[in-house]
Amino acid sequence: MSRISLSRLAGDRVLVVDGGATHETTRADLPAYVAGREAEGAEAADPPRWVWDDTARWYPPLLAAGVRVARCHDLRLGHHLLRRAPAVDPGQLVGEESEHWDRLGPTQPSEPVLFSGDDVVEHLRADLEDARQLAAVAAATGPGEAARLGLLLAAESSGALVAVEMTHAGLPWRVDVHERLLADLLGPRPPRGARPAGLEALAAQVRTAFAAPGLNPDSRPELLTALRRAGLEVADTRASSLRRLEHPGIEPLLRYKQLAHLFSTNGWAWIDQWVSGGRFRPSYQPAGSTTGRWSSNGGGALSIPVQVRPAAVADDGWVLVVADVAQLEPRVLAGMSGDRALARAARGADLYQGMVDTGAVASRNDAKLGLLGAMYGATSGESGRLLAGLARRYPDAFGLVETAARAGERGQVVRTLLGRGSQTLGEVPADPEQQAAYRRSWGRFTRNFVVQGTGAEWALCWIADLRHRLWALGSGRLEERPHLVFFLHDEVVVHAPADLAGQVAAAATEAATAAGALVFRDLPIDFPLNVSVVASYADAGKPGVATPG
DNA sequence: TCGCAAAGCGCC
DNA sequence: AAAGGGCGCTTTGCGA
């Protein structure tokens, strides 16, 4: 496989290093060059791997020019990952310009790419950093570590490609449907700074019910005062607290809070800002979370509320294929711990039911409660009570999270299955009691880190594999073929021509199996998917069993 | 007047 | 029914 690195030089020149050969091109000529090498690679069934400082900077112009690449290596993500990887000697990453790579942050989508205050960072040599990263991986300590890290870097980089492609293609979004929904619930769009009529009417009801004529329901102190004056004892203004109260004003107040939230987070202003050309284009941040999960820094892609999902509608003649993994994290725990009993329970479509069927727990609810408690570090309540019994049934699985928790409490770094390391413990409080609480809290974090992080790795492998399968199903530009339009932790949405829906669904399932085999070689685990073929995202998962894991 | 923290709600 | 992990976003309230 050829590995071709690209670096920005002064002006609009680009340095291309292809093995031993070096030449220059320009930003304007780059798409044609990349397209040519991709075509050659496709013919030989061995596409090049493009090595660049930041996928979010190099890939958008290529896509805009109609050029899709098969694979890349994102040096920024790679550097960050390897610096924290316990199997890697950080000294391997030190060299010319390396301190700049240490400080490299994600590019902000709002930042104009051409303007940068730091000239050195703007012109880092990709080939030099690439050589260091390759050496660091090759020298990783421990059997199989280099291979696992290589897989992780490839998956992480592939995820970066997916992120840019999803922003490029966008999630199909029907503004007319969204606006009708808003109008039905809130009334017509109000002038800037004003409340919609629907909210104003509810606010009036609340004021009347609590005999508080001047009350602004958006103000927590004012609201608390009004509630107490009405004889209600309440510590805060959370909906869950309010729901416990008996008072005729509570119902309109809860309704007010719900609609006010919709208005401010996914109302007209949100549409103006994030939907264009019939597409919702959020900005994704691969590995934005310390566990390796993605985050998003614009548009709120991590929480497209159920309320507005009816507006996510496929184009005419197209469908949305929505696939999510049932109980991802418990399955990941089974795979990474090598726990045979839990793996056996994971064999069917419903892992929790599997635990009941093998006699480990009395009910499906107990299974869920107990496992979630183990992964999140519950200590008390119903969940805590179940832990001891489950720990005997699944010693390897429970042992793994328990070990991670103890390590975290001691201030040690923990790692995912493929080798991502956790950050180090922060400043520990001096007060003994506070210190103990802090350490326990950190232990809960590291306990969850190993499972959530490995789950993120499985998901990256899943979408990386799916991306290739989708590309092969069509022809033409990316957005003319079935393509990913949304990804969130354990769920994907593919926009596809209706006649390819069956093949897309099959591809998603095959990719899940492939990812399981890649990540959990020794103990392959089933990763059954719930797949829906729908016109609107809101209709996904309707007839199936909804059991987020 | 600005920036930040907390509250509160949404997603997995 | 709530608890336990990870996030983003908006508004409010407060201190500089």
Side-chain angles (χ1 to χ4, degrees), chain A residues 193 195 199 216-224 234-244 253-254 256-267 269-270 273-274 282-309 324-330 332-333 365 368-387 401 404-405 408 414 416 420 422-423 440-456 459 486-493 537 541 546-549:
Chain A
R195 277 201 191 98
L199 274 184
N216 169 16
D218 290 327
S219 164
R220 288 182 290 271
E222 281 187 39
L223 194 54
L224 269 183
V234 62
D236 53 62
T237 63
R238 276 186 212 120
S240 57
S241 306
L242 299 179
R243 219 163 274 132
R244 285 193 285 265
L253 176 56
L254 287 171
Y256 177 90
K257 286 173 77 81
Q258 186 198 14
L259 291 182
H261 191 251
L262 170 67
F263 172 61
S264 61
T265 58
N266 294 98
W270 180 89
Q273 191 175 2
W274 296 109
S283 149
Y284 299 92
Q285 196 65 241
S289 148
T290 54
T291 59
R293 274 188 174 185
W294 288 17
S295 62
S296 104
N297 56 3
L302 271 73
S303 61
I304 303 177
V306 173
Q307 236 177 348
V308 298
R309 287 186 193 185
D324 72 272
V325 195
Q327 306 133 354
L328 173 62
E329 289 180 356
V332 163
L333 175 57
N365 198 45
K368 185 175 176 174
L369 231 49
L371 259 192
L372 291 181
M375 291 187 295
Y376 289 152
T379 51
S380 58
E382 194 59 31
S383 182
R385 199 175 55 76
L386 289 160
L387 291 184
V401 288
V414 297
T416 60
R420 189 188 306 270
S422 64
Q423 69 270 45
R440 276 196 304 276
S441 156
W442 195 254
R444 283 194 299 275
F445 165 70
T446 53
R447 171 194 293 269
N448 187 252
F449 178 95
V450 295
V451 181
Q452 187 184 112
T454 305
F486 191 64
F487 164 62
L488 181 57
H489 308 325
D490 60 358
E491 177 177 6
V492 295
V493 180
Y537 190 17
T547 42

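Within every chain, numbering begins at 1; the chains are lettered A, B, ... in the order of the sequence lines, protein sequences first and strands thereafter. All values below were derived from every heavy atom in this structure, side-chain atoms included, with hydrogens, water molecules and symmetry-related copies excluded.
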A/Gln452 and A/Ser289 have their tightest heavy-atom pair at OE1-OG, 4.3 Å
Any idea which heavy atoms bring A/Tyr284 and A/Ala301 closest together, and the distance? CE2-CB, 3.7 Å
Quick one: does A/Pro217's side chain get under 4.5 Å of A/Arg195's, heavy atoms only?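 Side chain of A/Pro217 against side chain of A/Arg195, heavy atoms only: contact under 4.5 Å found.
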Any side-chain heavy-atom pair of A/Leu302 and A/Arg293 under 4.5 Å: no
Treat primed atoms plus P, OP1 and OP2 as sugar-phosphate and everything else as base, then score nucleotides 1-6 of chain C 5' to 3': B for base contact with protein heavy atoms under 4.0 Å, S for sugar-phosphate contact only, - for none. BBBBBB
Let me have a per-nucleotide readout for nucleotides 9-16 of chain C, 5' to 3', with B, S or -, counting only protein heavy atoms under 4.0 Å. SSSBS---
Identify whether any heavy atom of [X] sits under 4.0 Å from a base atom; if not, whether one sits that close to sugar-phosphate; answer base, sugar-phosphate or nothing.
X	answer
A/Asn266	nothing
A/Val451	nothing
A/Arg243	nothing

Among the candidates B/dC11, C/dC7, B/dC9, find the nucleotide nearest to the side-chain atoms of A/Ser295. C/dC7
As a quick check of understanding, evaluate side-chain contact (heavy atoms from CB on, under 4.5 Å) for A/Ile304 and A/Asn266, giving each step before the final call. CA-CA 8 Å; A/Ile304 303 177; A/Asn266 294 98; 5.9 Å; no
I'd like to know if the side chain of [X] reaches the main chain of [Y], judged simply by a donor and an acceptor atom lying under 3.5 Å from each other, with no hydrogens or angles considered.
X	Y	value
A/Thr446	A/Gly443	yes
A/Glu222	A/Asn216	yes
A/Ser241	A/Thr237	no
A/Trp294	A/Leu488	no

Without decimals, in angstroms, what is the distance between [X] [atom1] and [N] [atom2]?
X	N	atom1	atom2	result
A/Leu223	B/dG8	CG	C1'	12 Å
A/Leu242	B/dG8	CG	P	9 Å
A/Lys257	B/dA7	NZ	P	13 Å
A/Leu253	B/dG8	CG	P	12 Å
A/Tyr284	B/dC12	OH	C1'	14 Å

Can you run through DNA chain C from 5' to 3' and write each base as (, ), [, ], | or . depending on how it pairs? Watson-Crick or G-U wobble, both distances under 3.5 Å. ....||||||||||||
Pairwise distance CD(A/Gln423) to CZ(A/Phe449) - rounded to 0.5 angstrom: 7.0 Å
Looking at OG1 of A/Thr265 and CD of A/Gln307, how far apart are the two atoms once the value is rounded to the nearest 0.5 Å? 8.5 Å
Does C/dG4 sit syn or anti, given that only angles within 90° of 0 count as syn?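 C/dG4: syn.
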